[in-house]
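Heads up, the thing below is written out as structure tokens.
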Amino acid sequence: MSYLGKWKFHSIGTVDDETCERIWLNAEEYMNSPMPYIDETDEEAVADEIKERKKTIGTLLEVCEDGNLYVLMPLPEGVSNEEVEAAAKAGVIKVRDGMMTDEPFAWQEREGELWVDMGMGDEFQQFSGEDGYLTMATTRFERIL
């Protein structure tokens, strides 16, 4: 399987409380799922969690031929193009294809699997390519380009 190209959010893995098996929640299911680590009576905490979930759902991965992998995140809601340009010019954020990103991660293909240097020491982490999805930790991505 070639990993080159862009990958969008497909689903997030969690454990089913009743069966204790891994299940995959699509974007709508994830947005509507319980927030077990959040005090759901705290409106600010709920709003922050919803913002984080939207960011997760809007994230793209771009695996480039030059050995770089970019994590592309949506720009914050309510921020103007002028503000984005000013922040990028000041070096506060990096923008690629109209989305925020950080420095790219190095990647390698080993025996048909994608390995990524996530900047945690000298070790590369394996991303799963099972069933045509690219799985990073608990998040599944599907190819779009």
Side-chain angles (χ1 to χ4, degrees), residues 1-16 22-145:
M1 175 169 113
S2 171
Y3 295 100
L4 296 177
K6 284 192 180 173
W7 300 75
K8 70 176 183 172
F9 176 91
H10 176 271
S11 52
I12 196 156
T14 189
V15 176
D16 183 278
R22 176 179 263 191
I23 59 171
W24 294 98
L25 303 178
N26 65 30
E28 183 178 344
E29 292 167 332
Y30 178 49
M31 285 302 296
N32 295 318
S33 67
M35 301 176 189
Y37 303 104
I38 303 296
D39 176 359
E40 292 190 42
T41 63
D42 182 342
E43 291 179 20
E44 188 174 328
V46 169
D48 287 345
E49 177 65 12
I50 288 172
K51 191 182 305 181
E52 284 301 310
R53 289 181 181 201
K54 284 181 178 179
K55 186 169 93 176
T56 298
I57 290 167
T59 296
L60 300 176
L61 300 180
E62 183 178 9
V63 182
C64 302
E65 200 166 346
D66 65 1
N68 287 318
L69 182 148
Y70 292 88
V71 177
L72 306 171
M73 298 160 285
L75 294 166
E77 293 177 9
V79 177
S80 70
N81 287 340
E82 293 78 20
E83 291 171 307
V84 169
E85 289 173 15
K89 187 175 181 179
V92 175
I93 63 170
K94 290 178 176 35
V95 178
R96 181 178 174 88
D97 292 338
M99 299 183 80
M100 287 189 313
T101 190
D102 291 318
E103 290 297 319
F105 298 103
W107 71 272
Q108 302 173 352
E109 189 169 340
R110 299 181 190 167
E111 299 179 17
E113 296 293 333
L114 183 71
W115 290 78
V116 180
D117 179 356
M118 299 297 293
M120 299 178 196
D122 294 334
E123 294 185 28
F124 278 62
Q125 295 180 0
Q126 182 180 4
F127 284 31
S128 168
E130 138 186 327
D131 298 327
Y133 297 107
L134 182 58
T135 304
M136 178 178 80
T138 60
T139 307
R140 253 187 194 171
F141 294 86
E142 63 184 337
R143 184 189 313 277
I144 55 173
L145 293 174

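Worth knowing before you read on, the calculation uses all heavy atoms, side chains too, and leaves out hydrogens, waters and symmetry mates. Nothing fancy with the numbering, it's 1 onward along the sequence.
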*Indicate yes or no: at least one non-hydrogen side-chain atom of R140 is less than 4.5 angstrom from one of W7.*
no
*Heavy atoms only: give me the nearest F141-F9 pair and the separation to one decimal.*
CD2-N, 3.6 Å
*L72 pairs by side-chain contact (heavy atoms from CB on, under 4.5 Å) with which of K8, M100, K6?*
K6
*Can you see which heavy atom on W24 is nearest to which on E29, and at what distance?*
O-OE1, 3.8 Å
*With a 4.5 Å limit on heavy-atom distance, are the side chains of T59 and T139 in contact?*
no
*Looking at CE of M73 and OG1 of T56, how far apart are the two atoms once the value is rounded to the nearest 0.5 Å?*
10.5 Å
_Separation of L4 CG from E62 CD (nearest 0.5 Å)_ = 10.0 Å
*Would you check if T135 and E130 make a side-chain contact, meaning some heavy-atom pair closer than 4.5 Å?*
no
*Test R22 against T138 for side chain to side chain contact (heavy atoms under 4.5 Å, CB included), laying out the working first.*
CA-CA 10 Å; R22 176 179 263 191; T138 60; 4.1 Å; yes
_Any residue meeting side-chain contact (heavy atoms from CB on, under 4.5 Å) with E82, in chain and number order, not counting sequence neighbours_ = S80
*Which atom names give the shortest non-hydrogen contact between G98 and L75, and what distance separates them?*
O-CD1, 3.5 Å
*asked:* Just verifying a value: how many Å separate L69 CG and L134 CG, rounded to the nearest 0.5 Å?
replied: 7.5 Å
*Hey, does Q125 have a side-chain heavy atom less than 4.5 Å from the side chain of M136?*
no
*When rounded to the nearest 0.5 angstrom, what is the spacing between OH in Y70 and CG in L61?*
13.5 Å
*Relative to the ring of H10, is the ring of Y133 parallel (under 30°), tilted (30 to 60°) or perpendicular (over 60°)?*
tilted
*Are V116 and W107 close enough that some pair of their side-chain heavy atoms sits under 4.5 Å apart?*
yes
*Do side-chain atoms of D97 reach the backbone of M99 as a donor and acceptor pair under 3.5 angstrom?*
no
*Looking only at atom types and distance, does a side-chain atom of R53 sit under 3.5 Å from a main-chain N or O of A27, one as donor and one as acceptor?*
no
*Do you know the tightest heavy-atom contact between V63 and Y3?*
CB-O, 3.2 Å
*Could E52 and K55 be called an ion pair, given the rule that one side-chain N must be under 4.0 Å from one carboxylate O?*
yes
_Any donor-acceptor N/O pair, T101 side chain to V71 backbone, under 3.5 Å_ = yes
*Please round to the nearest 0.5 Å and tell me the distance separating atom CE of M31 and atom CD of E49.*
9.0 Å
*Closest heavy-atom contact between A106 and F124?*
O-CE2, 3.8 Å
*I50 versus M35: any side-chain heavy-atom pair under 4.5 Å?*
yes
